[in-house]
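Below is one structure, written out as structure tokens; the observations come after it.
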Amino acid sequence: MEKILTKHMDDLNLSQIETYRFYGGYEGLRKALSMKPDEIIEEVKKSGLRGRGGAGFPTGMKWTFLAKNTGKPIYLCCNADESEPGTFKDRLIIERNPHQLIEGIAIACCAIGAHTAYIYIRGEFFHGARVLQKALDEAYASGFLGKDILKSGFDLHVFLHRGMGAYICGEETALIQSLEGKKGFPRLKPPFPAVVGLFNCPTIVNNVETLANLPYIVLNGGAKYAQFGTPKSSGTRLFSLSGHVHRPGVYELEMGTPLMDLIEKEGGGILKGRKLKAVIPGGSSVPVLTEMEVRNIRLDFESMQNAGTMLGSGGVIVMDEATCMVHALRVLARFYKEESCGQCTPCREGTGLVLQILERIDQGEGRLEDIDLLLRLSKYMMGTTICPLADADAMPIQSFIAKFRNEFEEHIREHGCSYDDTHD
Amino acid sequence: MMTLTIDGKKVEVPEGTKVIEAAQKAGITIPRFCYHPALSIAGVCRLCTVAIEGQKKGAISCNTPVAEGMVVYTNTPEIQETRKGIYELHMANHPIDCPVCDQSGECVLQNYYMQVGRYKSAFKNTAEKVQKRKVVHLGEKIVLDTERCILCDRCVRFCNEITKNYELNRFNRGNHTEIGTFENRPLTGNYQENLVDVCPVGALLSKDFRFKVRVWWVEPVDSICNQCSRGCNIQLHVRKKGGQVQNTVFHPTNEVYRIKPRLHADVNSYWICDVGRYSYKQIHTESRLSQPLKKGPRGLQAKGWADAFEDIASRMRGIAQKSGPSSVAALGSAQHTNEENYLLWRWMKKMGTSPTVYHRAVPKGGRPGFHGDVDWGEFEDNLLIQKDKNPNTRGVQAVGFHKEFTLDGAGLLPAIERGEIKALYCLGDPLRDLQNKETFLSALSAMERLELLVVQDAYPSDLASRATWVLPGVTFAEKEGTFTNFQGRVQRIRKAIEPLGEAKADWEILSEFVKRFEGGEFSSAEGIFEALAQEIPAFHGMTYEMIGSKGVMLPLTQTLSPQSGERAKGEGFNP
Ligand SMILES: Cc1cc2nc3c(=O)[nH]c(=O)nc-3n(C[C@H](O)[C@H](O)[C@H](O)COP(=O)(O)O)c2cc1C
Ligand code: SF4
Ligand code: SF4
Ligand code: SF4
Ligand code: FES
């Protein structure tokens, strides 16, 4: 299989513009500049590319939602805030292949008519920010950014903006607020960013990986891209493999690859010869799969949906038989409690209460009614808030309890944990 | 216009209306915490969730625009369940200190417990609740309890959108979020007490009101603020005489305990200024006139009303007969009602003279609750507070008093000094605001040349102490009547408490003289208004009934003021 994003990553000089161009870099942009915006959008639609940030929304279609003829500038925001637990693939692109991202951004801007783009990068990505800024400077110096790009008459300015360490700023409207210099609170929708976004102007927010696919699509045509993967999940995808496997890391695989292939072939199987217990397949926010479910599932949007979970951000978290699911859920719940922005009551209060209850169960002080209470709280949090962070807490709760209820009951009954989950 | 069905009722509303407002129009109040009709939509409490046919998830009605043919359910068992859950989450970390909380009795959280809650709490253990700051003083007027706060964001939006001082915000994140000011700085400005009104719970409380009385012991009486010419619609919260009698020592009856704003979209929206809010203190001040006083050899002496009416009437008659009607003068007042000025005018007409001069207060210095770098009398802003600090300047002018009393401009004082005017009846005290000592003293000494000086006022003054007769009138809380605000809107004040001591409603005093001079009798302010509406062209055709709770515009000002007509409740306010 042809790799699209990691093809030349073995070359550690790829982050330098000469090397990137040596491998044919920026030819996609050159081609895009000769195309009409609608033609680019058409190719992207044909490619079937779906957002890699989490929701998997078709990228070409998203672009067509932009408010037209508003007389206002259009902005592109590249979402490089990558903070979802278990997800670390954007970081790889940023650090190792930054020019492909920049080229993707430039192509997207050609397509949507934006002359200013912002890259909102996670605050902790110090190194990534340095690499990316250097790459941006190179791109300006080589005429791929700035005024009159490649003498096409098209202007584009790209600014790198560092976040301050809040997961919630990865949510697209919180990202916009934060870029505007405000507190990173998700905005009420409607209106959607495509209509009222950054500085009240029509705005597209796309994930790093989504954008990095564009040079290939423009250069080789959408149809070529769509040959990879499955009809509804085209292309390749970066999977961040973590947890109890021998070789955790980022792997570019064709969509539709069996999940077990990722774990066994790429990841080298479970540590210490232990048995697989569960996998969270799409970053910490999606429902968990049991070992049984993992056996036969493929890595694409529709298979995941059929199994009641989601491909999310492509963060595959593997848990072996020694994992205490109560403790695992508690760790996740602490993350969401810490990261809730606190605007919506169900999320603000719910994430805190859930953690409180999980802590006491985990410590052997749980009450019999606690399991139902958790389920009740998760119901109150599901689909009732401004952004899906509350859902992201609720879905693991519901699936962990549905699939591993006995462990929760045991903790309450036995006042403690029988798992040895030291994984050193 | 769009037609939708809410709980089986069809309603027609303009495009862009939110479902919560459309429901209101259909007579259905959807429970809400963060929605406030005068503020932008926050959408954070989620209590207003409703079910919309064809949509899988519930939707918050405060941010859902209506659509043609939309079918909405506000009270299905599922919605009730959702609401209960959201309500429960609001309460989970709430301290429930209702017994010591001043909001108790008018707390939205309490009310909704009865309406949508009524569950057994799964989070009873207060030790497990998130602890936050409890008594946070935000300056002189407001105190904040961040544990009681339900983070509805209304106060933040009030500061951002109404006063635009951006003083309040949310600090921290998640369940440690707290409302506060930057570095705990005190709140500033003249509209702080409105925060207490917008706050649905006992998180923001008025230091002036708290611990004075439980709210269920006071009852509201609609009135109009008399502190400036805006004429904000207000409620006086009073313990009436003969009402519930418990605890009269700590909570005396016949007393105004606080002032609250009353919605008028075209006058004051939901707000009032703090000066108006604290003006009830002027009702219960120590220095009030409470009985008729007559100048005697040893200064002013208490007399009966019968004496006063008899003596003043006969002296007036005597002076008019001896020196002609033009030797008798009367001073109208922008601080008094249309009815009172009308009676004075009518009485003088009967005596053969036509009064033309009125006086206006221009208060010097500060006022309780006032923050500003000029005198209160000079201050104005672009929200509510008008430069003219008199509630009825337009009214007294419309009745027929055209000239404003100034030291020489209106010619009254020179005429007194020349001995042409021998009797003067003052409604209120025209000299109160003369701070310039010299002019004040010369005006006073001019007044002393009068054969008869009658001062009808609620408060003692230097002028009153030199009067032949001092007649104790009352404050706006103790009488009925109408004021005409700066827009030309005639609005009603209502009697909330009984007059102090032997003081009488000003219209009552004046109607006694009118009776003595023409035989006409008035037993109510409403009766006077009817006569006024017949005689004075500007008020033609008006009745108390028409005035209702929204007021009526003077016809001649309707063209001047674009603000006539009612605006829909939820609409933005733009004074
Ligand atoms: C709490 C939360 C955090 C998110 N964090 C990220 C993130 O770090 N990176 C990202 O690309 N998308 C993130 N998203 C998704 C974005 O809101 C948005 O859907 C995405 O950036 C759109 O890009 P795409 O269409 O290219 O996937 C987050 C969403 C939520 C609700
Ligand atoms: S769901 Fe949570 S994180 Fe999202 S806006 Fe509401 S409170 Fe903030
Ligand atoms: S202080 Fe009151 S108005 Fe402000 S957020 Fe809290 S509950 Fe709402
Ligand atoms: S603005 Fe004027 S009328 Fe309104 S409350 Fe203040 S003083 Fe009273
Ligand atoms: S009133 Fe609609 S969310 Fe609060």
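Residue numbers begin at 1 in each chain, while the letters A, B, ... track the order of the sequences. This one's a predicted model, so the numbers in the text were calculated from it and none came from an experiment. These values consider heavy atoms only, across backbone and side chains, with no hydrogens, waters or symmetry-generated copies.
Both the backbone and the side chain of A:Q343 come within less than 4.5 Å of a heavy atom in chain B. For A:L373, the part lying near chain B is the side chain, with the backbone staying farther off; criterion is any non-hydrogen pair under 4.5 Å. Contact annotation for A:E338: only backbone heavy atoms (N, CA, C, O) come within less than 4.5 Å of a heavy atom of chain B.
Of the listed residues B:I86, B:N93, B:D153, B:N63, the one with more heavy-atom pairs under 4.5 angstrom with chain A than any other is B:N63.
Within a 6.0 Å sphere centred on CE of B:M1, heavy atoms belonging to other residues, nucleotides or ligands number more than 12. The number of heavy-atom neighbours closer than 6.0 Å to CD of B:E68, taken from other residues, nucleotides and ligands shown, is above 12. At most 12 non-hydrogen atoms from other residues, nucleotides or ligands lie less than 6.0 angstrom from NZ of A:K379. Annotation for B:E12: atom CD counts as buried by contact number, over 12 foreign heavy atoms lying within 6.0 Å.
A salt bridge links B:E88 with A:R376: the distance from a Lys NZ or Arg NE/NH1/NH2 to an Asp or Glu carboxylate oxygen falls below 4.0 Å.
Between A:L353 and B:L89 there is a side-chain heavy-atom pair separated by less than 4.5 Å. Contact of the A:L188 side chain with the B:I41 side chain is registered, since non-hydrogen atoms from C-beta on lie closer than 4.5 Å.
Pairing each heavy atom of B:C45 with each of A:P346, the nearest pair is O-CD, 4.4 Å. Nearest heavy-atom pair, A:T345 versus B:H90, reported as atom, atom and distance to 0.1 Å: OG1-NE2, 2.9 Å.
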List the atom pairs, with distances to 0.1 Å, where a side-chain N or O of residues 52-59 of chain B and a protein N or O form a donor-acceptor pair under 3.5 Å, not counting sequence neighbours.
residue : atom : partner : partner atom : Å
B:E53   : OE2  : B:Y73   : OH           : 3.0

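With sequence neighbours excluded, the residues forming a side-chain contact (heavy atoms from CB on, under 4.5 Å) with A:E365 are A:R360, A:Q363, listed by chain and number.
Against chain A, the residues from residues 164-177 of chain B that qualify, each with a non-hydrogen atom under 4.5 angstrom away, are B:R170, B:F171, B:N172, B:R173, B:G174, B:N175, B:H176, B:T177 in number order. For residues 167-185 of chain A, a heavy-atom distance under 4.5 Å to chain B picks out A:K183, A:F185, given by residue number.
In this structure, the separation between CD1 on B:I150 and CD on A:E349 is 10.0 Å, given to the nearest 0.5 Å. If you take CD1 on B:I60 and OG1 on A:T385, they are separated by 10.0 Å, rounding to the nearest 0.5 Å.
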